[in-house]
Amino acid sequence: MIAMVDCNSFYASCEQVFRPDLKGRPIAVLSNNDGCIIAKNAEAKALTHINYKEPLFKIKHILKANDVTTFSSNYTLYGDLSKRVMNVLREFSPDVEVYSIDESFLNLEGFTHLDLEDYGKQIKERVYRLTGIPVGVGIAPSKVLAKLANRMSKKIPRYNHVCVLQTEEDRIEALQWAEVKDIWGLGKKHQQRLQSIGVYNAYQFSKLPVTWVRKEMTVVGERLWRELNGKSCIAFETLPRKKKGIGTAKSFGKKLSDLSTIEEACAYYIAEVTEVLRAQRCATSCLQIFLTTNYHSAYDSQYADKVTINLPIPTNNTFTLIKEGKSALKKIYKEGYRYKKVGVNLLGIVPEDEIQGNLFMPCTSKSDALVKTVDSINNRYGKATISSGRSGTKVSKKQWELIKEERSPRFTTQWDELLEIGG
DNA sequence: TCTGGGGTCCTAGGACCC
DNA sequence: TCTGGGGTCCTAGGACCC
C-alpha cells in the first residue's frame, strides 16, 4: 500500500501558522510581483467569486470588501516548513518520495500488521502537532489511487482528511465517485476527448479497452488505466532525480528598455541557476537566453526572441556563464522596446565528473576555485552575500527586482525575522 | 500602471549512420 | 512492375504536473 500525504492549501497554511489571529478569516497568497492569487485558505475558497487567474489590480476592491488578507509569496518560509513536514513523514516510513513542495508518497509495503486508517490518522495528527500544517492522507494500492483517496479524504466530510481504499469494493466506489477531471495525470485535452465518447467518471475510464487507451492516450494513459485498475506501475522514487534542465525567468518589477539593466538581471539569474547546477554536481553544455516584452499589453509593441549557445566545454562556472550570457543577450536585444522579462535556461546538463574535454582548451580555469569559495561563503552567511559585480548592487537591483509588497517575515530561517511575542 | 514560475515525459519526423 | 533493414540523435510540439 502507498500513502499520499498532501498539505491543505499549503502556502496559505504556512502564513496562518504564524498568524493565529487570522484563524477563521480568509487569506490569499500572491504570485511573484503580486500579480495574481496562487493560494487561498478554506475561508477564501468559499468566496467563489474570487478567481485565481484574475490580475490582482482588477479584484483588489473585492478582496477588500470581503476582508481577505493577502500575502506576497515567501518561498523561503514555505520551503523550510515543507522540509519540516517531510521530516515528520519520515518517522512513518523508511521510503518517502517527496513529490512536490507540499506532497509526498510513503511506501507502506509490508505494513500488514497495521490498521491503516488508524495509521493515517496518526500521520495527520503528528504533522499538525509538530508543524502546525494540516494535511490530508490517502492510502491505496497504487499511486494514482492513493492520489484519488487523498482527494476524497478532503472532499468527502465523513473521511475527515483520512481515506483508505483497501478492498475491491472501496476501489469501485472511489472510481464511481471520481469524475474524469479528478484523475491525476488526466488533463483538459483528454477530459474533452473522453467526454466526447461518453466517458465521464473514472470507473467508465477503467472499463475502456486498454488498446484504445494506448492508441489514443499513449503509454502515459495506459499507465493511468492500469493504476486505476489496482495495478501499481508508476515506480517509487526515493532519491531525488537530477534536473535535466534548470531555468529561471521572472518578470521585472517594472518594464525595462535599457540593455545594461537587463544584463544585470540576466547575470543575477545566471548566478542563481548555476548555483543549483553546482549543488547537484553537474555542468551545462548549453545556455539559452530569452527576452520578451509584456504580451498582455495592448499599447506596447511586442517582441520576443531567444538565443541558444552551445559551449565548447561543459561548465558550471558562474563567471564563464555570465560572460557568455552577456554576449548572447546582445544578439537578441533590440532598442526601442519595453521589456518585461529575461530568462535563462541551462540545458544539456552532464555530471561534473563526466565533462568531455577539448584538446585545444584547458579544462579547468583558475576561477573555479573562486566559485567554490563564493559558494561556501554564501552557504554560511546567506544567499548572495558575495556575488559577481555584473549582477548588480542593492541599489541598482531596485530597477528590476520582484515586487513583494506584503511579504511576511522569514520566521524560521532568519534570526532577525523571528516571531516576537508580547513586545 | 498592474496579468506567476518551474518542471517532466512522450511522440513524430527529419537527418544521419552502417 | 519490382528499390533493405536496423539503428541513433535531435527537435518541436503536445500534454501534463505542482
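Below, each value reflects all heavy atoms present in this structure, side chains not excepted, and no hydrogens, waters or symmetry copies. Reminder, nothing fancy here: chain letters follow the sequence lines and each chain counts from 1.
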Report which part of the nucleic acid A/Tyr295 touches: base, sugar-phosphate, or nothing (heavy-atom distance under 4.0 Å, all strands).
nothing
When all nucleic acid strands are considered with a 4.0 Å heavy-atom cut-off, which category describes A/Lys53: base, sugar-phosphate, or nothing?
nothing
Taking any atom closer than 4.0 angstrom to a non-hydrogen atom of chain A, what span of DNA chain C does the protein reach, first nucleotide to last?
C/dA15 to C/dC18
Heavy atoms of other groups near A/Tyr128 OH, more than 12 under 6.0 Å
no
Salt-bridge contact A/Glu275-A/Lys383 (side-chain N to carboxylate O under 4.0 Å)
no
May I ask you to say what A/Lys60 touches in the nucleic acid, namely base, sugar-phosphate or nothing, with a heavy-atom cut-off under 4.0 Å?
nothing
Contact class for A/Leu186 vs. all strands (heavy atom < 4.0 Å): base, sugar-phosphate, or nothing?
sugar-phosphate
Can you confirm whether A/Lys243 is buried at NZ, in the sense that more than 12 heavy atoms of other residues, nucleotides or ligands lie under 6.0 Å from that atom?
no
A/Phe205 and A/Tyr200: aromatic ring centres closer than 6.0 Å?
no
Over 60° means perpendicular and under 30° means parallel, so tell me whether A/Tyr337 and A/Tyr339 are parallel, tilted or perpendicular.
tilted
Determine the contact category for A/Lys58: base if any of its heavy atoms lies under 4.0 Å from a base atom, sugar-phosphate if only primed atoms, P, OP1 or OP2 are that close, otherwise nothing.
nothing
Within the 4.0 Å heavy-atom criterion, would you say A/Lys244 contacts the bases, only the backbone, or no part of the nucleic acid?
sugar-phosphate
Establish, for the pair A/Lys154 and A/Tyr159, whether the NZ or CZ atom is under 6.0 angstrom from the six-membered ring centre and no further than 45 degrees off its axis.
no
Quick check: on DNA chain B, is the nucleotide nearest A/Tyr75 upstream (toward 5') of the one nearest A/Val276, or the reverse? Name the residue that is more 5'.
A/Tyr75
Give the dot-bracket string for DNA chain B, reading 5' to 3', where a pair is Watson-Crick or G-U wobble with both distances under 3.5 Å, ( ) marks pairs inside the strand, [ ] marks pairs crossing earlier ones, | marks a partner on another strand, and . marks unpaired.
....||||||||||||||
Categorize A/Ser73 for me: base, sugar-phosphate, or nothing, with a 4.0 angstrom heavy-atom threshold over every strand shown.
nothing
Heavy atoms only, 4.0 Å cut-off, all strands: where does A/Ser251 land among base, sugar-phosphate and nothing?
sugar-phosphate
Using a strict threshold of under 4.0 Å (side-chain N to carboxylate O), is an ion pair present between A/Arg390 and A/Glu264?
no
Heavy atoms under 4.0 Å, any strand shown: does A/Glu54 hit a base, just sugar-phosphate, or nothing?
nothing
Per nearest nucleotide of DNA chain B, the residue lying toward the 5' end, A/Thr218 or A/Asp300, is A/Asp300
Once you measure the plane-to-plane angle for A/Phe236 and A/Phe105, does it fall in the parallel (<30°), tilted (30-60°) or perpendicular (>60°) bin?
perpendicular
Would you indicate what A/Arg223 reaches in the nucleic acid, counting non-hydrogen atoms under 4.0 angstrom: base, sugar-phosphate, or nothing?
sugar-phosphate
Anything under 30° is parallel, anything over 60° is perpendicular, the rest tilted; go ahead and classify A/Phe411 against A/Phe18.
parallel
In the structure I gave you, are the side-chain heavy atoms of A/Thr292 and A/Gln302 within less than 4.5 Å of one another anywhere?
no
Distance between the C1' atoms of B/dG4 and C/dC17, in whole angstroms?
16 Å
Looking at every strand, decide which applies to A/Ile246 at a 4.0 Å heavy-atom threshold: base, sugar-phosphate, or nothing.
sugar-phosphate
Under 4.0 angstrom, heavy atoms only, what part of the nucleic acid is A/Asp102 near: base, sugar-phosphate, or nothing?
sugar-phosphate
